[in-house]
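Side chains included, hydrogens not; waters and symmetry mates left out as well; all remaining heavy atoms used. This one's a predicted model, so the numbers in the text were calculated from it and none came from an experiment.
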Amino acid sequence: MPYLNSLAQQYGLATQYFANTHPSIGNYFEMTAGQIITNDDGFNGPLGDDNLIRRILQAGRTWKAYAESLPGVGYIGGDAGAYLHRHNPLSYFTDVTNSPAQRGNLVPFTQFPSDLNNGQLPDFSFVAPNASNDAHDCPAGTDACLRNADDWLQQNIGPLLSSSQFQQGGLLVIVFDEAEDADTSLGGGHIAMVVAGPRVKRGFQSSNQYQHQNLLKMIATYLGIDGNLGDAANASGMGEFFN
């Protein structure tokens with residue numbers, strides 16, 4: 001993954017970042033609600049637990065989830081083709097599912113380029129590539145899972161870094177949900193986590209141990225909202241990455 005490695009070298013890398021559990025779904029809830037909630041990848045919700053979206057709305061901030069291959073705006077159903085519901089955690093919470101206005105913030109990834117080009121990205125964006133482009137599955141007829149995911153990242157997210165909106169204090173976090181099943185270190189195994197943006201220390205590497213609850217606290221702190229959610233309440237906000 002040469003592009004991801006280039007970002008890690010240029011910006012910030014958490015060298016001791018670990019997922020919380022296996023399989024993937026519990027990690028997504030840990031990073032958005034501060035608790036694993038379930039390890040059933042087939043779980044389709046809804047969830048009334050306190051969560052990041054509730055805190056974002058309470059603070060008057062804006063959000064969107066850009067999910068590649070999402071069947072349509074506001075879709076809260078199960079897997080559909082290369083779209084995996086469990087990789088789109090914001091679509092489970094009742095703060096979203098019970099509100100037509102908030103469901104409208106669940107959009108296909110095809111909206112991301114236009115929002116970026118028009119300077120209309122929300123305060124918080126959650127981006128989920130589909131299963132063919134997130135290193136979960138390989139594209140048909142190839143075994144280049146990681147390189148394909150890296151190419152997708154460079155092509156689709158790379159333009160964000162040079163945008164004027166992002167340069168005014170934006171933050172990009174790239175993180176894997178879990179490691180291979182055989183790696184159960186700290187629950188979910190050793191994974192990559194890279195942060196990039198104008199306020200991130202250049203060429204910084206942290207050897208402190210972090211997990212998804214730290215990421216949740218960091219997101220809340222960066223947005224200036226209440227991040228006392230579950231395990232995030234007592235987690236550090238990873239402030240060492242920033243100038």
Side-chain angles (χ1 to χ4, degrees), residues 14 17-56 63-71 74-98 102-103 105-109 124-138 145-146 149 152 173-193 210-220 227 229-233 235:
Y17 193 103
F18 294 83
N20 295 72
T21 190
H22 291 299
S24 61
I25 191 168
N27 295 293
Y28 287 97
F29 292 139
E30 186 70 47
M31 70 175 74
T32 54
Q35 53 180 321
I36 291 172
I37 298 178
T38 181
N39 280 320
D40 177 9
D41 266 351
F43 175 73
N44 280 315
L47 286 173
D49 302 73
D50 199 0
N51 63 86
L52 180 61
I53 296 305
R54 187 174 301 174
R55 301 300 177 90
I56 286 174
W63 71 279
K64 273 188 182 179
Y66 299 90
E68 190 179 26
S69 300
L70 188 76
Y75 180 79
I76 55 173
D79 297 352
Y83 167 75
L84 299 181
H85 188 202
R86 62 185 180 272
H87 291 175
N88 192 14
L90 307 183
S91 65
Y92 289 78
F93 298 117
T94 53
D95 305 79
V96 177
T97 62
N98 290 348
Q102 299 307 319
R103 286 200 303 273
N105 291 325
L106 302 171
V107 300
F109 183 74
F124 175 72
S125 301
F126 185 93
V127 173
N130 67 28
S132 297
N133 293 321
D134 67 355
H136 188 281
D137 299 331
C138 292
C145 298
L146 292 175
W152 188 95
V173 178
I174 304 166
V175 66
F176 286 72
D177 52 9
E178 60 174 335
E180 292 284 357
D181 289 342
D183 183 357
T184 59
S185 305
L186 297 183
H190 193 194
I191 56 175
M193 191 274 201
Y210 293 119
Q211 292 190 272
H212 291 317
Q213 62 266 31
N214 299 99
L215 171 58
L216 175 57
K217 190 60 169 285
M218 182 184 77
I219 291 169
L229 280 164
D231 297 332

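- By the side-chain contact (heavy atoms from CB on, under 4.5 Å) test, Asn214 is found to be paired with Tyr210, Gln211, Ala235, Ser236, Met238, residues two or more places apart in sequence or in another chain being considered.
- By the ring pair (Phe, Tyr, Trp, His ring centres under 6.0 Å) test, Tyr66 pairs with Phe112, sequence neighbours left out.
- Checking side-chain atoms of Glu68 against main-chain N and O of Asn130 turns up a donor-acceptor pair under 3.5 Å.
- For Ser91, the side-chain hydrogen bond (donor to acceptor under 3.5 Å, both in side chains) criterion is met by His85, not counting sequence neighbours.
- Looking at residues two or more places apart in sequence or on another chain, you find a ring pair (Phe, Tyr, Trp, His ring centres under 6.0 Å) between His136 and His87.
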Report, one line per pair, each donor and acceptor closer than 3.5 Å where one atom sits in a side chain of residues 46-56; sequence neighbours left out.
{"from": "Asp49", "atom 1": "OD2", "to": "Gln35", "atom 2": "NE2", "distance (Å)": "3.2"}
{"from": "Asp50", "atom 1": "OD1", "to": "Arg55", "atom 2": "NE", "distance (Å)": "3.4"}
{"from": "Asp50", "atom 1": "OD2", "to": "Arg55", "atom 2": "NE", "distance (Å)": "3.2"}
{"from": "Asp50", "atom 1": "OD2", "to": "Arg55", "atom 2": "NH2", "distance (Å)": "2.5"}
{"from": "Asn51", "atom 1": "OD1", "to": "Ile53", "atom 2": "N", "distance (Å)": "2.9"}
{"from": "Asn51", "atom 1": "OD1", "to": "Arg54", "atom 2": "N", "distance (Å)": "3.2"}
{"from": "Asn51", "atom 1": "ND2", "to": "Asp49", "atom 2": "O", "distance (Å)": "2.9"}
{"from": "Asn51", "atom 1": "ND2", "to": "Asp95", "atom 2": "OD1", "distance (Å)": "2.8"}
{"from": "Arg54", "atom 1": "NE", "to": "Asp95", "atom 2": "OD1", "distance (Å)": "3.4"}
{"from": "Arg54", "atom 1": "NE", "to": "Asp95", "atom 2": "OD2", "distance (Å)": "2.8"}
{"from": "Arg54", "atom 1": "NH2", "to": "Gly48", "atom 2": "O", "distance (Å)": "3.0"}
{"from": "Arg54", "atom 1": "NH2", "to": "Asp95", "atom 2": "OD1", "distance (Å)": "3.1"}
{"from": "Arg55", "atom 1": "NH1", "to": "Asp226", "atom 2": "O", "distance (Å)": "3.2"}
{"from": "Arg55", "atom 1": "NH1", "to": "Asp226", "atom 2": "OD1", "distance (Å)": "3.2"}
{"from": "Arg55", "atom 1": "NH1", "to": "Asp226", "atom 2": "OD2", "distance (Å)": "3.0"}
{"from": "Arg55", "atom 1": "NH2", "to": "Asn228", "atom 2": "O", "distance (Å)": "3.3"}

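- Applying the salt bridge (Lys or Arg N to Asp or Glu O under 4.0 Å) criterion to Asp41, with sequence neighbours excluded, gives Arg86.
- A donor-acceptor pair under 3.5 Å is formed between the side chain of Lys217 and the backbone N or O of Ala232.
- For the salt bridge (Lys or Arg N to Asp or Glu O under 4.0 Å) condition, no pair includes a residue of residues 181-192, sequence neighbours left out.
- Thr21 OG1 to Glu178 CD: the interatomic distance, rounded to the nearest 0.5 Å, is 8.0 Å.
- Here the CD1-OH distance, from Ile191 to Tyr17, works out to 5.5 Å after rounding to the nearest 0.5 Å.
- The ring pair (Phe, Tyr, Trp, His ring centres under 6.0 Å) test applied to Phe18 returns His190, not counting sequence neighbours.
- In this structure, Asp177 CG and Asn20 CG are separated by 11.0 Å, a value rounded to the nearest 0.5 Å.
- Every residue two or more places apart in sequence or in another chain was checked for a side-chain hydrogen bond (donor to acceptor under 3.5 Å, both in side chains) with Ser125, and none qualifies.
- With sequence neighbours left out, the ring pair (Phe, Tyr, Trp, His ring centres under 6.0 Å) criterion links Trp152 to Phe109.
- A centroid separation of 6.0 Å or more is found between the aromatic rings of Tyr92 and Tyr28.
- Contacts of Asn27 classified as side-chain hydrogen bond (donor to acceptor under 3.5 Å, both in side chains), with partners at least two apart in sequence or in another chain: none.
- Taking the side-chain hydrogen bond (donor to acceptor under 3.5 Å, both in side chains) definition, one finds that Tyr83 meets it with Asn88, sequence neighbours left out.
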